[in-house]
Amino acid sequence: MTATLEPPDILSAEFARDPYSAYRVLRDEFPLHFHEAMNTYVVSRYDDVRRAFRDPAFTSENYAWQLEPVHGRTILQMEGREHATHRALVAPAFRGRELTERFGPTIRRNSRELVDAFRAAGHVDLVDAYATRFPINVIVDMLGLPRTDHDRFHAWYTSIMGFLGNLAGDEAVAAEGLRTKAEFEAYMIPRIRERRAAPGDDLLSVLCAAEIDGESMSDEEIKAFCSLLLTAGGETTDKAIASVMRNLVAHPDQMAAVRADRALIDAAFAETLRFSPPVHMIMRQPAEDVELSGGVVPAGATVTCLIGAANRDERHVDRPDEFDVTRPGLGDAAFTAAADHLAFCLGRHFCVGALLSRFELEVGINDLLDAMADIRFADGTPPPETGVFTRAPDRLLLDFTPTGGTP
């Protein structure tokens, strides 16, 4: 008898160790299959994931149970005019001169302070000392909240991400996430009301004052957006920094190219978003029956879109399993809704913080390369990635030669 090939289980330990091999099997043999334990249809080919992000037939109603319990109702759940209005209310703070001039100094200061703490040591766990701290500290400071609360926000961030990545349904992790939601709300609502009464020059004040056609955000909506910003903005940048540095150290020729031409930092980031994205899966819910590769997804079902699989689909990209910062298509478009990779989603729900993340990566990687010469893995080999919903090294132990002093 010939054994029947089974689809890889995205909740299995084998998958967590090496999703990329499993992604290949899924794309080739099971481009659409139903995962019973998660009650979701899993799609893995580029064209199908891209369609799920762009086609209006696919809604984000699944966020009502996936995100709302821990964040409250956010812009990600909104559609139509409501979504367009709320996006227009928040987007200006995350692009152009508003981003670089108002918040650029905050971003640069936070990166420099973290790097200064280890630049003379010659060794560092870059995840613990830098990557997981930098974006959270930036968000706290952008919101105009006390810098003494950096550690508090880092703990909240960790708890909420645990909730969102709890695909196996661990009750203790879920309960901790809900406790965090209550703590975050009790902290934020009074401060939102303070900013309404006495606005400053911070992001929280900008959100309180934002108005379009007589519409503004409620206290609860601002709180929910701040919670979303903490995780969506923190997690992607956190894991992107770790993965960019891992990928460059693992490819010394490309590290040398980036050192010689810092304009290639953007390309290294864009290629990392394709090759080893921070977020590996995002869910959608079709409002009608939809035919995809391999079958039909019924209206109202949950669809798990495997970004990590789609970005390496050989039907779409040449040499998908190679990291290459000279690959075509890694320019400015990679950080817009015209991106070829799918790490920021596409269409109406394209990541509103994409340019913030790009700016943070430009500042951060520049600072790290200025402070660290001859960077190498402490044990000589690239550390493994961890995680399923989001993925990156959870430790990045590096040895380096200090450059000597602040540049």
Side-chain angles (χ1 to χ4, degrees), residues 2-12 15 19-68 75-84 87 164 167 273-274 277 279-318 320-321 329 333 336-351 388-389:
T2 303
T4 302
L5 182 65
E6 295 288 335
D9 180 4
I10 62 177
L11 295 184
S12 69
F15 180 89
Y20 301 106
S21 296
Y23 289 155
R24 190 177 305 110
V25 175
L26 289 170
R27 288 192 305 264
D28 291 346
E29 306 293 339
F30 306 96
L32 174 69
H33 80 278
F34 184 72
H35 192 287
E36 192 167 345
M38 290 177 59
N39 192 30
T40 185
Y41 287 85
V42 179
V43 296
S44 50
R45 290 184 181 172
Y46 180 91
D47 287 345
D48 292 328
V49 174
R50 185 177 188 274
R51 182 181 174 192
F53 290 160
R54 295 184 65 91
D55 191 332
F58 287 87
T59 75
S60 56
E61 291 183 12
N62 53 287
Y63 286 148
W65 59 264
Q66 188 185 9
L67 299 185
E68 188 171 346
I75 189 173
L76 294 182
Q77 295 168 247
M78 300 174 186
E79 299 288 353
R81 182 180 182 278
E82 181 187 31
H83 174 262
R87 189 177 180 94
L164 297 177
L167 301 179
L273 290 173
R274 184 202 67 80
V279 178
H280 272 235
M281 56 185 71
I282 287 179
M283 295 179 180
R284 287 291 185 262
Q285 182 175 315
E288 59 192 57
D289 292 358
V290 177
E291 184 172 358
L292 299 172
S293 302
V296 175
V297 177
T302 300
V303 177
T304 297
C305 304
L306 297 181
I307 295 171
N311 277 348
R312 292 201 187 192
D313 189 344
E314 62 278 3
R315 296 161 189 80
H316 178 75
V317 62
D318 293 331
D321 296 324
T336 72
D340 196 48
H341 67 81
L342 303 175
F344 286 136
C345 277
L346 294 172
R348 63 200 182 281
H349 286 293
F350 178 79
C351 176
V388 176
F389 170 58

Exercise. So, for L346 and H341, which heavy atoms are closest and what is the spacing to 0.1 Å?
Worked result: CD2-O, 4.3 Å
Problem set entry | Test item: D289 side-chain N/O and P298 main-chain N/O as donor-acceptor pair under 3.5 Å | no
For this session: Would you mind reporting whether R51 and V43 have side-chain heavy atoms less than 4.5 Å apart?
Result: no
Problem set entry | Derivation of the side-chain contact (heavy atoms from CB on, under 4.5 Å) call for L11 and V388 | CA-CA 8 Å; L11 295 184; V388 176; 5.6 Å; no
Seminar exercise, completed: Between P8 and L26 the two heavy atoms that sit nearest each other are CD-CD2, 3.6 Å
Exercise. With distance as the sole test, does R27 use its side chain to make a donor-acceptor pair with the main-chain N or O of R45 at under 3.5 Å?
Worked result: no
Exercise. So N62 and T302, side chain to side chain donor-acceptor pair (under 3.5 Å) or not? Walk me through it.
Worked result: CA-CA 7 Å; N62 53 287; T302 300; over 6 Å; no
Exercise. Can we say D340 and R50 salt-bridge, meaning some charged N sits less than 4.0 Å from an Asp/Glu carboxylate O?
Worked result: no
Exercise. Minimum heavy-atom separation for L32 to S293, with atom names?
Worked result: CB-O, 3.2 Å
Exercise. With a 4.5 Å limit on heavy-atom distance, are the side chains of L292 and P31 in contact?
Worked result: no
For this session: Check whether any side-chain heavy atom of R284 sits under 4.5 Å from a side-chain heavy atom of C345, and report yes or no.
Result: yes
Exercise. Side-chain contact, heavy-atom cut-off 4.5 Å: I307 with H280?
Worked result: no
Exercise. What's the shortest heavy-atom distance between N311 and P277, and which atoms?
Worked result: ND2-CG, 4.1 Å
Exercise. Do R24 and E314 meet the salt-bridge criterion of a basic N to acidic O distance under 4.0 Å?
Worked result: no
Seminar exercise, completed: Separation between CG (D55) and CD (E288), nearest 0.5 Å, reads 7.0 Å
Exercise. Taking 4.0 angstrom as the limit, do R315 and D313 come out as a salt bridge?
Worked result: yes
For this session: Decide whether a cation-pi geometry holds between R312 and Y20; the criteria are a distance under 6.0 Å from NZ or CZ to the six-membered ring centre and an angle within 45° of the ring axis.
Result: yes
For this session: Could you point out which residue of F30, F34, F58 forms a ring-ring contact (aromatic ring centres under 6.0 Å, His included) with Y41?
Result: F34
Exercise. Do D9 side-chain atoms and F15 backbone N/O form a donor-acceptor pair below 3.5 Å?
Worked result: no
For this session: Quick one: pull up CG in L273 and CZ in F344 and give me the separation to the nearest 0.5 Å.
Result: 5.0 Å
Problem set entry | Expected output: side-chain T304 to main-chain T40 donor-acceptor under 3.5 Å | no
For this session: Report the distance from atom CG of D48 to atom CZ of F53, rounding to the nearest 0.5 Å.
Result: 11.5 Å
For this session: Could you check whether the rings of H316 and Y46 sit parallel, tilted or perpendicular, using 30° and 60° as the cut-offs?
Result: parallel
